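Lettering follows sequence order; numbering is per chain, from 1. Every value quoted in this text rests on a predicted model; they were computed, and no experiment measured them.
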Protein chains: 2
Amino acid sequence: MDDHAEGDLLFLTDEQLRRGIEAMFFAYRAFTQDPDRILAERGYGRAHHRALHFIGRFPGTTVGQLLTTLGVTKQSLNRVLRTLMADDLVSARVGERDRRERRLALTPEGEALEAALSDAQRARMRQAYLQAGPEAVAGFRRVLEAMMDPEMRRRYQDGQR
Amino acid sequence: MDDHAEGDLLFLTDEQLRRGIEAMFFAYRAFTQDPDRILAERGYGRAHHRALHFIGRFPGTTVGQLLTTLGVTKQSLNRVLRTLMADDLVSARVGERDRRERRLALTPEGEALEAALSDAQRARMRQAYLQAGPEAVAGFRRVLEAMMDPEMRRRYQDGQR
DNA sequence: TTGGTCCGTCAACGACGCTGACCTATGCTG
DNA sequence: CAGCATAGGTCAGCGTCGTTGACGGACCAA
């Protein structure tokens, strides 16, 4: 009867929520598959991509900061960082103020790989944005942000400056 | 100079794309963490959740259909299905028309677990939808769909009927 | 009967999470 | 300076979940 009332909550039905859940599942697969292919060629995985991404975003970041950003354990991250440093994609220099810290950065080779991964992922994102339009993009980001936990959202927004 | 022209492409800058990429990363983590907690209690992982979800969505689905929906190998899926059937969460009966097929379905216990997982995930989704509003939700889904490969999108939309 | 399909399984491997424990180097504070 | 806290590295071990390769059985269809 009042199905078509202005401002009704039809977008909150279990059916609509299910569609959103499945959309997240399928879209995330698409989102990762292009970089995954590049990574596989070099024997790396998604964890390497994430590390490269955030080190590239925040050059001079410390291991500890990366740990909380990525939300993994020290051991997991260390395994990845070790291979990236051995392959000379990431450099670490001792912190100036605090010599316990390791300030991480991408080497030129690291930047090259990061750029390749980033380009692949951005290309898909760009075509999706273009296809959906600016208003859809604004909504897309609003929902994703609302989905995050408050502390996660804070870390996410720290990168928006 | 023409920065603020109507219909400009400012939403397609690398910076905007980067924000979308990071939003996907953080949001997906949030998206999975509630069910992950429930699964961990029972010694299951995400793969079990995905199988339960799609078997629940399409009762009577075959192993082969599930394989293409989930996009994993037979061996990966079989390992998961074996434990789910051993734990009596999923049932398989021989197909009527084609006796090579196994028609999968959730047992009552399987439905109970699927409901628990689904409830947790929907709760987060619901609050995100509510917080972002119906227009944002429409945009959210439009962008996610545009991100999928055509065949993936077809499979996704097969579940929208 | 033959060839293809659907499914299950053995073996092996790799990426990537985890816990627990222990180590060094360094900073800070009393 | 002594002692504790912090940043980081590492060893050992485990589990999930993805992969390839190979093979076998049941079944369908020509």
Side-chain angles (χ1 to χ4, degrees), chain A residues 25 28-29 32-33 35-55 60-87 90-104 117, chain B residues 25 28-29 32-33 35-55 60-87 90-104 117:
Chain A
F25 168 66
Y28 195 78
R29 267 236 308 265
T32 55
Q33 77 185 3
D36 279 356
R37 262 192 293 272
I38 298 173
L39 291 158
E41 291 168 14
R42 334 249 304 215
Y44 295 139
R46 249 174 241 182
H48 299 84
H49 183 189
R50 293 195 280 261
L52 288 172
H53 176 92
F54 285 105
I55 294 171
T61 193
T62 65
V63 173
Q65 285 176 318
L66 206 49
L67 238 33
T68 65
T69 301
L70 296 176
V72 298
T73 59
K74 192 175 39 162
Q75 292 85 340
S76 277
L77 178 57
N78 198 261
R79 181 167 38 195
V80 168
L81 282 182
R82 217 181 318 174
T83 73
L84 290 177
M85 298 197 297
D87 295 352
V90 166
S91 67
R93 13 176 288 281
V94 168
E96 294 179 5
R97 248 190 33 215
D98 187 337
R99 295 172 44 78
R100 290 171 305 179
E101 293 176 343
R102 305 281 169 253
R103 297 299 188 144
L104 303 171
L117 295 167
Chain B
F25 168 65
Y28 195 77
R29 266 237 309 264
T32 55
Q33 76 185 4
D36 279 356
R37 263 192 293 272
I38 298 173
L39 290 158
E41 290 168 14
R42 334 250 304 214
Y44 294 138
R46 250 175 240 182
H48 298 85
H49 183 189
R50 293 196 280 262
L52 287 172
H53 176 93
F54 285 105
I55 295 171
T61 193
T62 65
V63 174
Q65 285 177 319
L66 206 50
L67 238 33
T68 65
T69 301
L70 296 176
V72 297
T73 58
K74 192 174 40 161
Q75 291 82 343
S76 275
L77 177 57
N78 198 260
R79 183 168 33 198
V80 168
L81 282 182
R82 218 182 318 172
T83 72
L84 290 177
M85 297 195 300
D87 295 351
V90 167
S91 67
R93 12 178 289 281
V94 169
E96 294 182 2
R97 249 189 34 214
D98 185 337
R99 295 172 44 81
R100 290 171 305 181
E101 292 175 343
R102 304 282 168 255
R103 299 299 189 144
L104 304 172
L117 296 167

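Using a 4.5 Å heavy-atom cutoff, the side chains of Leu104(A) and Leu81(A) are in contact. For the pair Asp87(A)/Tyr44(A), a side-chain contact is recorded, criterion being any heavy-atom separation below 4.5 Å from C-beta on. Here the side chains of Val94(B) and Arg102(B) are in contact, with some heavy-atom distance below 4.5 Å.
Between the Arg46(A) side chain and the Pro35(A) main chain, no donor and acceptor come within less than 3.5 Å of each other.
In this structure, the CZ atom of Arg102(A) is 6 Å from the P atom of dG9(D), given to the nearest Å. Taking atom CZ on Arg99(B) and atom C1' on dC27(D), their separation rounds to 8 Å, with Å as the unit. Across the protein-nucleic acid pair, Leu66(A) atom CG and dA7(D) atom C1' stand 14 Å apart, rounded to whole Å. At whole-Å resolution of the value, CZ in Arg97(A) and P in dA7(D) are 12 Å apart.
For DNA chain C, the span of nucleotides reached by chain B at under 4.0 Å from its heavy atoms goes, 5' to 3', from dG4(C) to dC10(C).
Taking the salt bridge (charged side-chain N to carboxylate O under 4.0 Å, His left out) definition, one finds that Arg37(B) meets it with Asp34(B), sequence neighbours left out. Taking the ring pair (Phe, Tyr, Trp, His ring centres under 6.0 Å) definition, one finds that Phe25(B) meets it with Phe54(A), sequence neighbours left out. Evaluation of the salt bridge (charged side-chain N to carboxylate O under 4.0 Å, His left out) rule for Arg100(A) yields Asp98(A) as partners, not counting sequence neighbours.
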*Going through the checks in order, is the side chain to side chain contact (heavy atoms under 4.5 Å, CB included) test met by Val63(A) and Leu66(A)?*
CA-CA 5 Å; Val63(A) 173; Leu66(A) 206 49; 5.7 Å; no
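The shortest heavy-atom contact between Arg103(B) and Gly95(B) is CG-CA, 3.9 Å.
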Using a cut-off of under 3.5 Å, enumerate the N/O to N/O pairs linking the protein to nucleotides 1-5 of chain D.
none

*Protein proximity profile, nucleotides 13-23 of chain D - base contact B, sugar-phosphate-only contact S, no contact -, cut-off 4.0 Å on heavy atoms*: ---SBBBBBB-
